[in-house]
Structure formats: structure tokens, C-alpha cells
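To start, the structure under review is shown below, and the notes come after it.
Atoms within a ligand are numbered from 1 in the order they appear, just like the ligands themselves. These numbers come from the heavy atoms of this one structure, side chains and all, not from hydrogens, waters or symmetry mates.
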Amino acid sequence: MYELNIKLPDKKYDIFIQKGIINNIGEEIKKIYKNKKIFVITDSNVNRIYGEQLKKNLANSGFEVYFVVVEAGEKSKSISVLEYVYNQLLENGITRGDVIVTFGGGVVGDLGGFVASTLLRGIKFIQIPTSLLSQIDSSIGGKVAVNLPIGKNLVGSFYHPEVVYIDPELLKTLEKRFLYDGMAEVIKYGCIRDKQLLEKLLLYESEEELFKNIEEVIYKCCDIKRAIVEEDEKDTGIRMILNFGHTIGHAIERYFDYEKYTHGEAVAMGMYHITQKSESLNETEKGTANIIKDVLIKYNLSYELPDMKKEKILEAINLDKKSNADSISIVLLDNIGNGYLKKIKREEIFDYI
Ligand SMILES: NC(=O)c1ccc[n+]([C@@H]2O[C@H](COP(=O)([O-])OP(=O)(O)OC[C@H]3O[C@@H](n4cnc5c(N)ncnc54)[C@H](O)[C@@H]3O)[C@@H](O)[C@H]2O)c1
């Protein structure tokens with residue numbers, strides 16, 4: 001079992017990473033939660049595969065369990081689904097002393113976490129992330145949100161779980177596309193903070209070998225995010241380094257209406273492209289972009305930008321809520337393992353596209 005402890009000024013919590021931890025989850029939760037009722041928020045896919053198993057396990061540990069199931073997919077991170085979840089929970093008698101468990105990928109974690117942060121002015125919650133992306137990224141750091149028609153994650157808050165339980169065995173049922181999607185973020189962590197991690201990813205000879213080492217891989221990613229979040233919980237400085245590849249990545253996602261590429265696929269192209277450019281501007285050690293290219297290919301991710309007009313990319317970047325008036329922060333690499341933030345004038349982004 002790998003363990004991490006996140007220490008923030010107003011909150012401390014543990015992250016447990018262990019294959020098979022889901023089979024003992026009721027007893028694990030009992031250690032930190034003494035009341036009877038548990039409200040599980042999950043999605044239709046995860047519920048179909050693991051719902052009964054989780055229900056039984058929690059009931060065997062003496063909990064009274066209620067499930068709220070939303071449709072799988074990003075569309076569920078909406079105000080209307082939010083209202084549906086609030087109503088379901090209230091109709092089943094939730095009180096402030098109960099606990100919410102979010103059991104699913106980033107969509108369920110973000111939606112359920114936002115429900116927990118707002119319903120009855122805040123209810124404790126536990127994250128059990130089930131996709132790779134949620135296990136290494138979205139379940140840690142306290143960002144919870146839903147989308148509005150004009151943009152993603154525009155209604156949200158910072159609200160941390162009581163504990164995060166990560167079971168990498170759950171990844172065995174994840175569709176391959178979502179596995180690779182999560183690998184893009186694993187690669188990102190290696191690029192910005194951990195050369196050794198990236199080297200290991202390059203050495204694994206098969207998916208089986210990756211899975212053999214997956215606990216350690218997840219632990220390393222979570223540990224990097226832990227350190228960054230501890231330094232800058234509210235995302236006003238160094239936390240932006242987690243956006244490596246995201247400026248161009250977000251633009252690609254938006255350009256294709258979030259339909260053609262997953263987030264990870266877009267970030268993968270963004271990481272390679274910006275590094276190729278910064279290398280040509282002598283801001284990054286030569287050869288870095290090629291290493292990124294090799295590792296992306298290995299995990300079935302594209303590296304070359306799709307056909308897009310430069311002006312349109314800039315337009316998409318300008319719509320990004322994270323960029324303010326006339327400057328934006330971009331993330332560049334000195335070399336593999338060493339990322340840094342650079343503030344540039346908005347129009348200078350052309351140099352990096
Ligand atoms: N809060 C944060 O800090 C943060 C960070 C990054 C991303 N996000 C958010 O995360 C979301 C994306 O998360 P995601 O990629 O996990 O998407 P997701 O939650 O939609 O999950 C992807 C797909 O995998 C399925 N799935 C999940 N676990 C499974 C399992 N074990 N077996 C089989 N199927 C499984 C889901 O049903 C879904 O169809 C986005 O909304 C993004 O904005 C949040």
C-alpha cells in the first residue's frame with residue numbers, strides 16, 4: 001500500500017493507493033467515518049460494472065447505502081444534473097452528518113465534489129476515483145466544478161475530500177482510449193517534475209509491465225500533485241505548471257467542439273508542439289521534444305497538431321478563462337523533469353504555435 005498525506009492550512013487528508021482496496025472499502029471507511037448513512041454518487045458505466053459489489057461491501061460493514069446514478073459522460077457535469085443529484089439526495093434524507101462517496105471518473109468526482117461542497121452548506125465526502133485521469137489528477141487538489149454551456153468548470157469551488165482511496169485494479173475495465181487519455185497526464189508529470197518517471201515509462205515493454213508497476217506510477221503522480229497543491233492550493237502561481245501542454249491542448253479541444261479529441265489527446269499534442277517551439281527558440285534543451293514524441297507514440301497518443309488555422313487557435317486561447325487581460329502564463333521545460341512558468345504577451349503565443 002502506498003500512502004500520501006496532503007497538508008493544507010485548513011485541511012489534511014490521506015490518499016491510499018492499493019490494488020484491491022475496493023474489496024475492503026467498507027472496513028476502510030469505518031476507520032474514519034462513524035455514522036451509518038453513505039450516499040454514493042456514480043455514473044451509469046461504473047455502476048453497471050461495480051455498483052452491486054460496492055453496495056454489498058458497504059452493507060456488510062453495517063452501512064445504510066443510497067446510490068445516485070448519473071449518465072456517464074461530460075454532459076453530466078451540468079446544472080440540470082446537479083439539481084437532479086441535490087434532489088435525489090434530499091429525497092433520501094441526507095443530513096450534514098452523513099457522507100457522500102464519489103465513485104467514478106473525473107466527471108463524477110467534480111460533480112459529486114461540488115454537490116458535497118454546496119448541499120446544506122457542505123457535507124463531508126470521500127473520493128474513490130475509477131479512471132486513470134481521476135486517480136492521478138482530478139481526485140486530488142480540491143477543485144470541484146460543473147460546466148456551463150459557455151465553458152467548462154465555470155461554476156465550482158475548492159473543497160477537499162476526507163480521504164481518497166485509489167484502486168488501480170479498477171482500471172482493468174477502463175476503455176483503452178481513456179487509459180491512454182490518462183497516460184497523457186502521467187507523461188505530463190514526468191515532463192514537468194520527474195525525469196526518472198518518464199524514463200521508466202519509456203522502458204516498460206508492454207501494457208502488462210505498466211500494470212505491474214501501476215501503483216508506483218500513480219503514487220509518483222499523486223505525490224507531484226500533492227507537493228504542488230501544498231505550495232499553491234488556490235492556483236494563483238506554481239499550480240499553473242500542471243497546465244503543461246494545456247494552453248494549446250485546450251485550444252484544440254475547443255476548436256473541435258470537445259468532440260474529436262479527448263482532453264489527454266489534446267494535451268499530448270500541446271506538450272510536444274510547445275516544446276518543439278521552445279527548443280527552436282533556445283528555451284529548452286535540444287532533444288527534449290523528441291523524447292516527448294517517443295513516449296507519446298509508445299502510449300498511443302498523437303503528437304502532431306491537427307490541421308487548424310493559427311488565428312483560430314489564438315481565438316480559442318483568448319476564450320480560455322485562465323488567461324487575463326494582455327498576458328498569459330505558459331509552461332515550458334528547461335529539459336525533461338524541469339518545467340517552469342513563463343509570462344508572455346498574448347500575441348507572443350504565435351511564437352509557440
Ligand atoms: N478537478 C480537477 O482537478 C480536474 C483535473 C483534471 C480533469 N478534471 C475533469 O475530469 C473530467 C474527466 O475525467 P475522466 O477522464 O475520468 O472522465 P469520465 O469521468 O467521463 O470517465 C471516462 C469514462 O470512463 C468510464 N469509467 C470510469 N471509470 C471506469 C472503470 N473503472 N471501468 C470502466 N469504465 C470506467 C466513465 O463511465 C466514462 O465513460 C473532466 O470533466 C475534467 O474537467 C478535473
Side-chain angles (χ1 to χ4, degrees), residues 6 19-22 41-51 53-54 69-78 81-82 102-114 116-117 125 127-148 151-161 164-186 188-189 211 214 218 221-222 224-226 228-229 232-235 239-240 242-246 249-250 253-254 258 261-267 320-322:
I6 301 206
K19 285 184 183 169
I21 199 171
I22 200 74
I41 301 175
T42 188
D43 78 16
S44 46
N45 289 338
V46 177
N47 185 51
R48 180 172 39 79
I49 308 172
Y50 300 107
Q53 183 190 336
L54 179 67
V69 183
V70 301
E71 269 309 304
E74 186 70 28
K75 285 205 171 77
S76 281
K77 262 176 71 173
S78 68
V81 175
L82 181 68
T102 56
F103 183 52
V107 164
V108 162
D110 281 14
L111 168 76
F114 187 68
S117 83
F125 89 115
Q127 290 258 29
I128 309 180
T130 62
S131 66
L132 181 58
L133 182 119
S134 58
Q135 296 192 342
I136 58 157
D137 189 355
S138 61
S139 64
I140 306 150
K143 282 190 184 175
V144 292
V146 294
N147 305 327
L148 290 177
K152 281 188 67 171
N153 299 320
L154 292 179
V155 180
S157 57
F158 287 94
Y159 193 69
H160 297 274
V164 184
Y165 298 108
I166 298 176
D167 187 345
E169 286 287 330
L170 299 173
L171 302 179
K172 289 196 169 144
T173 52
L174 193 64
E175 262 180 53
K176 288 283 182 253
R177 190 174 185 197
F178 290 113
L179 183 72
Y180 304 139
D181 181 58
M183 282 310 293
E185 298 285 351
V186 173
K188 176 198 77 182
Y189 284 115
F211 264 99
I214 195 81
I218 293 172
C221 296
C222 290
I224 293 168
K225 184 148 184 192
R226 174 202 59 74
I228 292 171
V229 169
D232 175 26
E233 182 190 354
K234 295 283 158 66
D235 202 6
R239 188 164 174 173
M240 283 185 239
L242 293 168
N243 289 340
F244 176 51
H246 284 55
H250 282 156
E253 282 185 279
R254 187 171 282 128
Y258 297 94
Y261 299 102
T262 66
H263 177 68
E265 287 165 350
V267 166
D320 199 318
K321 71 182 159 76
K322 289 187 187 88

Heavy-atom proximity to atom 33 (C) of ligand 1, best of Asn153, Asp43, Thr173, Val267: Thr173
Would you check the N or O atoms of [X], main chain and side chain alike, for any that come under 3.5 Å of an N or O of ligand 1?
X: Ser131; result: yes
X: Phe178; result: no
X: Leu170; result: yes
X: Val107; result: yes

Name the closest protein heavy atom to [atom], giving the residue it belongs to and the distance to 0.1 Å.
atom: atom 1 (N) of ligand 1; result: Lys143 O, 2.8 Å
atom: atom 7 (C) of ligand 1; result: Leu133 CD2, 3.5 Å
atom: atom 40 (C) of ligand 1; result: Glu74 OE1, 3.3 Å
atom: atom 4 (C) of ligand 1; result: Ser138 CB, 3.2 Å
atom: atom 6 (C) of ligand 1; result: Asp137 OD2, 3.5 Å
atom: atom 26 (N) of ligand 1; result: Leu174 CD1, 3.7 Å

If we set the cut-off at 4.0 Å for heavy atoms, which region of [X] has an atom near ligand 1: side chain, backbone, both, or neither?
X: Lys152; answer: side chain
X: Glu185; answer: neither
X: Thr262; answer: neither
X: His263; answer: neither
X: Ile140; answer: neither
X: Lys225; answer: side chain

Donor-acceptor pair between Asn153 and Lys77 side chains, under 3.5 angstrom: yes
Which of the ligand 1 atoms, numbered from 1, are nearer than 4.0 Å to a heavy atom of Thr130: 27 (C), 28 (N), 29 (C), 30 (C), 31 (N)
Numbered atoms and elements of ligand 1 in range of Lys77, under 4.0 angstrom, heavy atoms: 9 (C), 40 (C), 41 (O), 42 (C), 43 (O)
Six-ring centre of Tyr189, Lys225 cation under 6.0 angstrom, axis tolerance 45°: no
Aromatic ring pairing Tyr50/Phe103, orientation class (parallel under 30°, perpendicular over 60°, tilted between):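 Perpendicular.
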